[in-house]
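As a basis for the values below, the full set of heavy atoms in this structure was taken, side chains included, without hydrogen atoms, waters or symmetry mates.
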Amino acid sequence: MMNDLFLREARGEATERRPVWMMRQAGRYLAEYRAIRAEVDFLTLCRTPELVAEVTVQPVRLVGVDAAILFADILLPLDAMGAGLQFVKGDGPSLRHPVRDRDGIASLTRPDVGKELGYVFDGVRATRRALAELEPPHGPVPLIGFAGTPWTLAAYLTEGRGSSSYSHLLGWSYRDPEGLSGLLDLLADVTIDYLLGQIEAGVQAVQLFDTWGSLLSADRWRGLAMPSVVRILEALEGAGVPRIFFARGSSHLLPVLRELPVEVLSVDWFVPLSEAREIVGPDKVLQGNLDPAALLGPVDEIERLTATLLEEGAGGPHIVNLGHGIFKQTSPDHARAFVRAVKELGKPR
Ligand code: CP3
């Protein structure tokens, strides 16, 4: 029988206990992931459906989480648009053809996602098959799909790589906001096609990652980043899957984020969940928000902090998660301690 705690909590329905999963739960903190990465590079892994299924299922089997998140990357659609994505070892992602003005937008294509990103959809189908074979207590569990927000994709696309300042994007936003919104609109169009494709292939929820929305004040986020996000979320309305929005460093954005047409808001660890609940109101499910660094501490401290987190989140529907991705230095035993603590303590509300 399917473990559907995650889907029921995401819809705000009553559950026996709160579900738990972790952002970046498939990855380098697991020796089983590193063993696969020793054989293939990151992009090859993303493009090989059987391997995608294997690494997506690993944290379900090895750590016991209540949901799987598709193994892919937010930057894959930029590659499909012609920006030339590469991952150089030790350097993180980079794009061979950054886009920094209106002329640059013309160099991008709106891809046929079925052709250019069909490998992702094949990965979704392979993963659903692999999840269906898991026996209780591990599975089957629901599969979450995802994409980056247009603003966050534009941060990488304008810079050509990760950055601490994103001066190309921010400069463009002050110099020519209409031109930039043309880029964000194109990215939204592609993201809508991409997420609808994931849903058609079998993902049962979707999360939008806004890693760099925190570069903006609440007013600027509303003016610059929000319109393309709302367009994506509204396009998914009829698809019938829960929509999750995650913004890193977003405490100051919560009064705006509460207006988003999503079922679930994922918050980082800078505000306690009880405070986020007061700002957001009763209608949304909250997801989060243990400091990922807490998993580097001792197990008894992880258990104590998880108990506190569960109390903080007890004022409404709550999907337990970290406030951002798990560190690659985390011991799998500590990840398991977190999940186990939720399973033991996350019961009554
Ligand atoms: O387990 C999961 O969460 C699913 C897979 C997933 C990955 N990336 C795999 C990955 C997800 C959801 C992402 C999202 C992502 N990718 C974001 C948004 C979330 C966030 O963290 O804020 C961003 C900004 C990216 C872009 C990206 N991909 C960067 C900056 C890096 C390098 C940083 C690093 O940790 O090395 C990646 C690489 C990446 N994406 C890895 C994984 C497992 C590590 C690659 C490896 O195996 O070497």
Side-chain angles (χ1 to χ4, degrees), residues 22-56 58-59 69-101 104-105 107-109 111 113 115-120 122-123 145-172 183 186-187 190-191 194 207-215 246 248-249 292-293 324-330:
M22 297 179 296
M23 287 186 266
R24 293 286 187 108
Q25 64 189 13
R28 289 163 294 186
Y29 73 105
L30 292 173
E32 293 80 355
Y33 173 86
R34 293 196 301 272
I36 290 177
R37 279 282 282 106
E39 304 292 323
V40 293
D41 64 54
F42 179 69
L43 281 177
T44 304
L45 173 50
C46 290
R47 289 173 181 145
T48 312
E50 288 65 37
L51 293 179
V52 165
E54 167 60 20
V55 297
T56 301
Q58 278 176 355
I69 180 160
L70 176 69
F71 191 84
D73 197 86
I74 62 164
L75 303 177
L76 298 177
L78 297 182
D79 193 51
M81 294 172 77
L85 176 64
Q86 46 193 13
F87 282 84
V88 179
K89 202 171 161 44
D91 257 10
S94 61
L95 298 156
R96 281 193 300 278
H97 313 295
V99 169
R100 294 177 179 160
D101 50 31
I105 301 175
S107 74
L108 295 169
T109 57
V113 295
K115 271 209 195 96
E116 304 298 328
L117 293 161
Y119 64 88
V120 175
D122 291 341
F146 69 91
T149 61
W151 174 263
T152 286
L153 295 178
Y156 289 96
L157 186 57
T158 48
E159 209 68 29
R161 54 179 55 253
S163 157
S164 53
S165 63
Y166 291 99
S167 55
H168 286 290
L169 176 65
L170 293 170
W172 190 355
L183 174 64
L186 172 62
L187 291 168
V190 175
T191 302
Y194 181 49
Q207 176 157 324
L208 281 182
F209 285 91
D210 194 24
T211 309
W212 294 111
S214 55
L215 295 168
F246 168 73
R248 191 176 75 137
H324 193 213
I326 187 169
F327 288 2
K328 67 177 174 197
Q329 296 83 356
T330 307

_Are the side chains of Val99 and Ser107 in contact, using a 4.5 Å heavy-atom criterion?_
yes
*Which pair of non-hydrogen atoms, one from Pro93 and one from Leu85, has the smallest distance, and what is that distance?*
CB-CD1, 4.3 Å
*Measure the shortest side-chain to side-chain distance between Leu70 and Val120 over non-hydrogen atoms and say whether it is less than 4.5 angstrom.*
yes
*Taking C-beta and beyond as the side chain, do Leu153 and Leu75 meet within less than 4.5 Å on heavy atoms?*
yes
*From Asp122 CG over to Arg47 CZ, what is the distance, rounded to the nearest 0.5 angstrom?*
13.5 Å
*Quick check: does any side chain N or O of Asp73 sit under 3.5 Å from a backbone N or O of Leu76, one acting as donor and the other as acceptor?*
no
*Within the side chain of Thr152, is there an N or O that forms a donor-acceptor pair under 3.5 Å with the backbone of Trp212?*
yes
_Can you confirm whether Leu187 sits close enough to Met81 that some side-chain heavy atom of one is under 4.5 Å from a side-chain heavy atom of the other?_
yes
_Least distance between heavy atoms, Phe209 atom then Met23 atom_ = CE2-SD, 3.7 Å
*What is the minimum heavy-atom distance between Thr191 and Ala147, and which atoms define it?*
CG2-CB, 3.7 Å
*asked:* Can you tell me how far apart OG1 (Thr149) and CD1 (Ile74) are? Round to the nearest 0.5 Å.
replied: 7.5 Å
*Give the ring-plane orientation class for Phe71 versus Tyr33, where under 30° counts as parallel, over 60° as perpendicular and anything between as tilted.*
tilted
_Using every non-hydrogen atom in the two residues, find where Leu183 and Ala154 come nearest and quote the distance to one decimal._
CD2-CB, 4.1 Å
*What are the two closest non-hydrogen atoms of Arg28 and Arg34, and how far apart are they?*
O-NH1, 2.7 Å
_As a quick check of understanding, evaluate side-chain contact (heavy atoms from CB on, under 4.5 Å) for Phe146 and Ile69, giving each step before the final call._
CA-CA 8 Å; Phe146 69 91; Ile69 180 160; 3.8 Å; yes
*To the nearest 0.5 Å, how far apart are CH2 in Trp151 and CG in Leu169?*
3.5 Å
*To the nearest 0.5 angstrom, please state how far the CZ atom of Phe42 sits from the CG atom of Leu45.*
7.0 Å
*Is a side-chain N or O of Arg96 found less than 3.5 angstrom from the main chain of Gly160, in a donor-acceptor match?*
no
_Measuring from atom CD of Gln58 to atom CD1 of Ile36, what distance do you get when rounded to the nearest 0.5 angstrom?_
5.0 Å
*Would you please classify the geometry between the Tyr166 ring and the Tyr156 ring as parallel, tilted or perpendicular, with 30° and 60° separating the classes?*
perpendicular
*Would you say Leu157 and Leu78 make side-chain contact, with heavy atoms under 4.5 Å?*
yes
*Exercise: identify the closest heavy-atom pair between Ser214 and Arg248*: CB-O, 3.1 Å
*To the nearest 0.5 Å, tell me how far Leu43 CG sits from Thr48 OG1.*
10.0 Å
